[in-house]
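Below: the structure, in structure tokens.
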Amino acid sequence: MSVAAVIATFFIAAGVFFTLIAAIGFIRLPDVFCRLHVTCITDTLGAPLILLGAAVWLGPTLVSAKIFIALVFLFLTSPLVGHLLARAA
């Protein structure tokens, strides 16, 4: 197993862990604002770590560049969407 595969596996496992914790929190938390906080955890930790792991796994390719563009888009839009959802609730 190469070093890149180990790093990618770590990133993907960490992303899955945070997504699982967010899913459990979404089920257990009582009101909409607590659930909104949990969904923001998924946006800022779960999905980016999984995408980063996929980019490391693929290596320096065009697909990895597209994944990094998706990461930048996710980091730019996630706080905005969280804020708009909180104001609408």
Side-chain angles (χ1 to χ4, degrees):
M1 213 168 173
S2 68
V3 176
V6 171
I7 293 171
T9 305
F10 172 74
F11 282 143
I12 292 172
V16 168
F17 172 74
F18 284 119
T19 304
L20 179 67
I21 294 299
I24 292 169
F26 189 77
I27 293 170
R28 293 190 47 102
L29 290 174
D31 63 348
V32 71
F33 293 109
C34 292
R35 289 181 180 178
L36 182 65
H37 173 70
V38 169
T39 57
C40 290
I41 289 174
T42 303
D43 285 348
T44 57
L45 287 175
L49 284 174
I50 292 172
L51 288 173
L52 188 62
V56 170
W57 184 272
L58 292 170
T61 61
L62 183 61
V63 176
S64 296
K66 290 178 183 179
I67 289 174
F68 283 120
I69 291 170
L71 278 170
V72 169
F73 180 75
L74 187 66
F75 279 128
L76 291 176
T77 58
S78 178
L80 176 68
V81 170
H83 178 73
L84 290 176
L85 283 173
R87 287 188 57 109

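Each residue takes its place number in the sequence, starting with 1. Predicted model only: the values in this text are computed from it and were never measured.
Remark: L45 CG to F17 CZ distance equals 10.5 Å, nearest 0.5 Å. Between L71 atom CG and L49 atom CG the span is 9.0 Å, to the nearest 0.5 Å. To the nearest 0.5 Å, atom CD1 of residue I12 and atom OG1 of residue T19 are 11.5 Å apart. Distance check: D43 CG to S78 OG gives 3.5 Å after rounding to the nearest 0.5 Å.
Between the side chain of T39 and the main chain of L36, a donor-acceptor pair closer than 3.5 Å is present. Panel note: side chain S64, backbone P60; no donor-acceptor pair is recorded below 3.5 Å.
The two residues I7 and V56 make their nearest non-hydrogen contact at CG2-CG1, 4.1 Å. Here the shortest heavy-atom pairing between F33 and A86 reads CE2-O, 3.8 Å. Scanning all heavy atoms of the two residues, the minimum distance from T42 to P48 falls at O-CD, 4.0 Å. Considering every non-hydrogen atom in both A8 and G53, the closest pair reads CB-O, 3.3 Å. The minimum heavy-atom distance linking A22 with V38 is given by the pair O-CG1, 2.8 Å.
When side chains are defined from C-beta on, F68 counts as touching L52, because their heavy atoms get closer than 4.5 Å.
If you chain together hydrophobic residues whose side chains sit under 4.5 Å apart, L74 and F11 never meet in one group. One hydrophobic cluster, built from ILVMFWY side chains closer than 4.5 Å, holds both L51 and F10.
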